[in-house]
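Since the structure comes first, as structure tokens, the remarks are kept for the end.
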Amino acid sequence: MKFSELTEYFEEMEATSSRLALIDILSELFIKTPEGEIDKIVYLIQGRLAPFFVPLEIGMAEKSVAKSIASAYQVSTEEVTGGFNKLGDMGLAAQQQAQKSKPKVESLTVDEVFIILEEIAKTSGEGTVEKRQNLLSNLLKRMDPLSAKHLVRIPLGNTRLGIGDPTVLDAMSLAKLGDKSKRKPLEEAYNRTSDMGLIAKTLWEKGLSGVEKLEVRVGSPIRSELCERLPSPDKIIEKMGEVDAQYKYDGFRVQIHKTQDEVRMFSRNLEEMTHMFPELSEATKKQIKAKSVILDSEALAYNPESDEFLPFQETTKRRRKHGIEEMAEKLPLKAFVFDILYLDGKSLINNPLRERMETLKRVLPEDDVLIRTKNQTIKDPKILATLLEDAISKGLEGLVVKKLESPYEAGARNFNWVKLKRHSAGELNDTLDCVILGYITGKGKRTAFGAGALLVGVYDKKSDEFVTVSKIGTGLTDEEWREIHKRADKISLDHKPARVNSNIVPSVWIKPEIVIEILADEITRSPVHTAGRTETGTGYALRFPRLVSFRGLDKKAEDATTVEELIEMYRQQGR
Ligand code: ATP
């Protein structure tokens, strides 16, 4: 396929504000895509050259990209930067220069462009910045203006397509299997392998049955199983029967992959974090004798002498790129291992938890840096209540309670795993993670920062859309507004993003990317908001929302609280 043809599709997708249209355009593109290029096109749609867990980044700074554009079209960098400042987007600035300079366009294929982008990403060592600039600039010289617009956004990590994984899966199903009904098996394979390009390539080459045979593999993160909520020990036993109750550690999730000579670790967001935790790699090599294994764990700073768990704010200091060795000395981590998903060449995810916990005992018989989670089989709610008290008194968040017979459902959030935290009656017992969708310009003091309220939403997993749940303004400090502006202004849009469903039109739309943690007094029914809206037009809203924190990069917009969770929290509140 020609790269210019691909960018015409990008152009169409960027302009649409309907998700259904997005699926249709994408599926039309997929129908035309040959076997040899489908994986590459899928990665490019995700704004990448490889799956998320492969740290192959094309990252270039704005200044560098501006220099490439300037050199390609023989203008000054100032002129390009001027265009960028005016148009607010480097893609448009490149397009503008290309239109003026009329380069000699060659007919490049997606493959050819992809190879050069890979070369840019793999460039390292001395003179990297210049080498990357040259490669990009030489490529721009051979392209039409529209291709240039979309090309330069790739190294900036700003493709603006706003396409979520479920939309890509819907479109694949529609293109290859006739309708959207096969999204589920495709999604399950994606949950096991986290590699959308692999799913596409396998579907194109071997059909659905090939995709269904894709197994868990060491080195590819498995999408994490997540927890539902229930309000009390009684409700838990009533709904789940006999359970395995485990401490809920408040650190960060680390999936540990070990082969004979290598250990790699992945975050909940599927990013590679091996280099961040050298002590956990060491410990895995020492403590785990098995040839190959995948473990699920929570890493946090813990003092075994005093039996103290350090607060999350401390642990999180370890998520950093520099001074790693020094921090590892100062604040060594332990990994509390709570599951085993793979052992010596075999996936264990379809085995019941009861068996996996037995296997884990064999594979990790003794605690050291890796520590097997404390767990207990319980069927009496009173004993569960006591264990919860015990966890709270140790400074832990609470418990995670799991169905003994359940398989490991990659990527699922259901009642196989339930979190139990302490709460007091009449209040919500948990915060929500909301996505910023826009801001509404205010009057008075706030106008200095250009915002009066934020429009925030939750994620509707079924329709792969973001739906509104609240406006939040009061209680944000000037500092917080500044932070929001710093992050939001780069991704503001002049039209509603395709995957946003809102009755309220804010002053400025913001691409759904920034996740904030919000505490509210109550969830109420609301005719205004679109979250969980029924036929009669009533949705759900937050009463007295306040900002608790900005979520880190660990939470993608699709990891925000879902509509199902919101409704469940509504049902449970005040019980
Ligand atoms: P939050 O960030 O508010 O905790 P979340 O959706 O990221 O929300 P929860 O659903 O509250 O996470 O809790 C699940 C998380 O708890 C897991 O992702 C994991 O990181 C952590 N965790 C700690 N201990 C356990 C355990 N024993 N079993 C499973 N997960 C655990």
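Order of appearance sets the numbers: ligands from 1, and atoms from 1 within every ligand. Worth saying up front: this structure is predicted, and the values here are computed from it rather than measured.
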Parallel under 30°, tilted from 30 to 60°, perpendicular over 60°: which one fits the rings of Phe309 and Tyr249?
tilted
Hydrogens and angles aside, do Tyr408 and Asn416 bring a side-chain donor and acceptor to less than 3.5 Å of each other?
no
Below 3.5 Å, can you tabulate the donor-acceptor pairs from side chains in residues 325-342 to any protein atom, sequence neighbours excluded?
from	atom 1	to	atom 2	distance (Å)
Asp339	OD1	Arg356	NE	2.7
Asp339	OD2	Arg356	NH2	3.0

Can you measure from CD1 (Ile523) to CD (Gln572) and round to the nearest 0.5 angstrom?
9.5 Å
Got the residues with a heavy atom under 4.0 Å of ligand 1, by chain and number?
Cys227, Gln246, Tyr247, Lys248, Tyr249, Arg253, Arg268, Glu298, Phe338, Val400, Lys402, Arg413, Trp417, Lys419, Arg551, Lys555
Would you call the rings of Tyr459 and Phe466 parallel, tilted or perpendicular, where under 30° means parallel and over 60° means perpendicular?
tilted
Does atom NZ of Lys361 have more than 12 heavy-atom neighbours from other groups under 6.0 Å away?
no
